[in-house]
Asker: 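Please see the structure below; I have some questions.
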Protein chains: 2
Amino acid sequence: MDDGSEITNTSGDDDSADRKHLRADARRNIDDLLAAAMAVFSKSGVDAPVREIAKEAGVGVGTLYRHFPQRSDLIKEVFRREIDACADAAATLSQDNAPFEALAKWMNRYVAFIAAKRGLGAALHSGDPAYEALPAYFEKKLRPALQGLLDRAVEAGEIRDGLRPNELLRAVASLSNPAPDVGTDFTDNMMRLMLDGMRRGAGDK
Amino acid sequence: MDDGSEITNTSGDDDSADRKHLRADARRNIDDLLAAAMAVFSKSGVDAPVREIAKEAGVGVGTLYRHFPQRSDLIKEVFRREIDACADAAATLSQDNAPFEALAKWMNRYVAFIAAKRGLGAALHSGDPAYEALPAYFEKKLRPALQGLLDRAVEAGEIRDGLRPNELLRAVASLSNPAPDVGTDFTDNMMRLMLDGMRRGAGDK
DNA sequence: GAATATATGGAACAACGTTCCGTTTAACAA
DNA sequence: TTGTTAAACGGAACGTTGTTCCATATATTC
């Protein structure tokens, strides 16, 4: 039943075990490549040429392919890290803000993450099996993060109960990938609308 | 205000005017190319190589590019024709069937059209300006077609009033582009559900 | 049937993802 | 420190893509 398409199976930090018996230059190059890929993707979209990423990282394409045998492996790893960062931000925001404030800030964080990824949606729906595991990872990490924020805001009586995190995530993802005919602040407006709608008693007169 | 990205402006058949002063072999090759493209797209998806289409049509790539200066021009023309055919089917179905039956059959026709186009969704959301005009053409041709079917079914008292054709079209398009984790008959099931829900008094007990 | 504008085919180009392999270098034992 | 060696490196080279170019072929017209 293992289709081999799971995202690098890192429950916690067991990839640092893999990294331990890597040569020092290899570890450094992997880090440089991921940083370069992140920069290039946000500048030129996920369709950016492999050579551009290698150049930005200051390594040859051979080195890139040694660590990421396929272009999609690099994309997946970058997204995995960004998803993790986005999920982790929930805890931090929750500590530093009032419940609803934390929720609102995290939603905007999520919007920024999705919106910055030009071409990600296209890649996900391309039918390429290399990306099949990404949506599952999205949900696995992001749903609990959002769930925690929702629970806290519900307990504080700031938003209403029964909101389904998966639906919110999907809705935001759709709204952040706007059609070409709508304005740029469309997403912001819809987000404000959604957040207002979530407030307790929003339906009352 | 003309952004030059409109779909070939064919109100009626004014492209046959263009075709008139084309050489006979050119006309024949254009037809062969469109037929070949249609066949290849449905067999290998819209990402199929240009050379494969040229070979299927029995012409050189030079000939293909003479008539369709960009790959996307060929794609757009194929879809324009299929959209037209789908819209025209509404009138035929309306004549040969009872109102609700015609509506149901047309919806399934639309589902088949969308589902057969592997990679179309990705192309539409790719951000490539070459495809920007397609959604508008979708709506322009398909909305009136569906509107007519809805009106007739409403007048016959078979479905309820107030259904918005744009929403139905968008919903069906989304449902026909299923995520990889759902089964193949997902779309059929959802379509049946929607059609049942449209029936007059579907909400009653 | 010649003259000519038009259309054709496929070699050639640039850019892409990916592979290959001669060279370099980090790691470790002596 | 030095020598040995497995690991990692860089970038030329390959195959496939979209697109361009132009010498050749062929409808069309008179």
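Note on naming: letters A, B, ... go to the chains in the order of the sequence lines (proteins, then strands), and numbering restarts at 1 for each one.
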Asker: Would you say A/Leu74 and A/Val50 make side-chain contact, with heavy atoms under 4.5 Å?
Answerer: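 When only atoms from C-beta onward are counted, A/Val50 and A/Leu74 do not touch, as no gap falls below 4.5 Å.
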
Asker: As an exercise, state the distance from CG of B/Leu142 to NZ of B/Lys140, rounded to the nearest 0.5 Å.
Answerer: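 Between atom CG of B/Leu142 and atom NZ of B/Lys140 there are 12.5 Å.
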
Asker: Can you measure B/Leu64 atom CG to D/dT19 atom C1' for me and round it to whole angstrom units?
Answerer: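 Taking atom C1' of D/dT19 as the reference, CG of B/Leu64 is at 11 Å.
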
Asker: For A/Glu52 and C/dC16, give me the distance from atom CD to atom C1', rounded to whole Å.
Answerer: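 Distance check: A/Glu52 CD to C/dC16 C1' gives 12 Å.
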
Asker: Using a strict threshold of under 4.0 Å (side-chain N to carboxylate O), is an ion pair present between B/Glu155 and B/Arg152?
Answerer: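 Salt bridge: no.
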
Asker: For the pair B/Lys76 and B/Asp73, find out whether any cationic side-chain nitrogen is under 4.0 Å from an anionic carboxylate oxygen.
Answerer: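 Here B/Lys76 pairs with B/Asp73 in a salt bridge, since their nearest N and O are under 4.0 Å apart.
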
Asker: What orientation do B/Trp106 and B/Tyr110 show, parallel under 30°, tilted 30 to 60°, or perpendicular over 60°?
Answerer: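 Rings of B/Trp106 and B/Tyr110: parallel, as their planes differ by under 30°.
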
Asker: What is the distance from NZ of A/Lys55 to C1' of C/dC16, rounded to the nearest Å?
Answerer: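 Taking atom C1' of C/dC16 as the reference, NZ of A/Lys55 is at 15 Å.
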
Asker: About how many Å separate CZ of A/Arg192 and CG of A/Asp196, when rounded to the nearest 0.5 Å?
Answerer: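 The distance works out to 8.0 Å.
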
Asker: Expressed in angstrom and rounded to an integer, what is the separation of A/His67 atom NE2 from C/dT18 atom P?
Answerer: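 Checked: the NE2 to P distance equals 16 Å.
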
Asker: Measuring from atom CG of A/Leu34 to atom NE2 of A/His67, what distance do you get when rounded to the nearest 0.5 angstrom?
Answerer: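 It is 10.0 Å, given to the nearest 0.5 Å.
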
Asker: Under 4.0 Å: is that the gap between some side-chain N or O of B/Tyr65 and OP1 or OP2 of D/dT20?
Answerer: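 Result: no.
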
Asker: Taking only the side-chain heavy atoms of A/Ala26 (C-beta and beyond), determine which of C/dT18, D/dA27, D/dC9 contains the nearest atom.
Answerer: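 When the side chain of A/Ala26 is considered, D/dC9 is the closest of C/dT18, D/dA27, D/dC9.
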
Asker: Distance check needed: D/dG10 C1' versus A/Asp25 CG, whole Å only.
Answerer: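 My rounded result for the distance is 13 Å.
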
Asker: So, does A/Asn29 get its side chain near the phosphate of D/dA8, meaning an N or O under 4.0 Å from OP1 or OP2?
Answerer: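 Answer no for this pair, as no side-chain N or O of A/Asn29 is under 4.0 Å from OP1 or OP2.
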
Asker: Using nucleotides 4-7 of chain D, report all nitrogen or oxygen pairs with the protein that are shorter than 3.5 Å.
Answerer:
residue : atom : partner : partner atom : Å
D/dA7   : N3   : A/Arg23 : NH1          : 2.6

Asker: Between D/dT28, C/dA12, C/dT19, which nucleotide gets closest to the side-chain atoms of A/Val61?
Answerer: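 Closest of the options to the side chain of A/Val61: C/dT19.
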
Asker: Looking at A/Thr63, does any N or O in its side chain come under 4.0 Å of the phosphate oxygens OP1/OP2 on D/dG10?
Answerer: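 Checking A/Thr63 against D/dG10: at least one side-chain N or O falls below 4.0 Å of OP1 or OP2.
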
Asker: Figure out the CZ/P separation between B/Arg51 and C/dA12, and round it to whole Å.
Answerer: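 These atoms are roughly 13 Å apart.
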
Asker: D/dT19 phosphate, OP1 or OP2: any side-chain N/O from B/Gln70 under 4.0 angstrom?
Answerer: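 Yes, within the criterion.
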
Asker: What's the CG-C1' distance between A/Asp73 and C/dG17, to the nearest Å?
Answerer: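 It works out to 13 Å between those atoms.
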
Asker: Starting from P on D/dA27, measure out to CZ on B/Arg28 and report it in whole angstrom.
Answerer: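 After rounding, the reported distance stands at 7 Å.
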
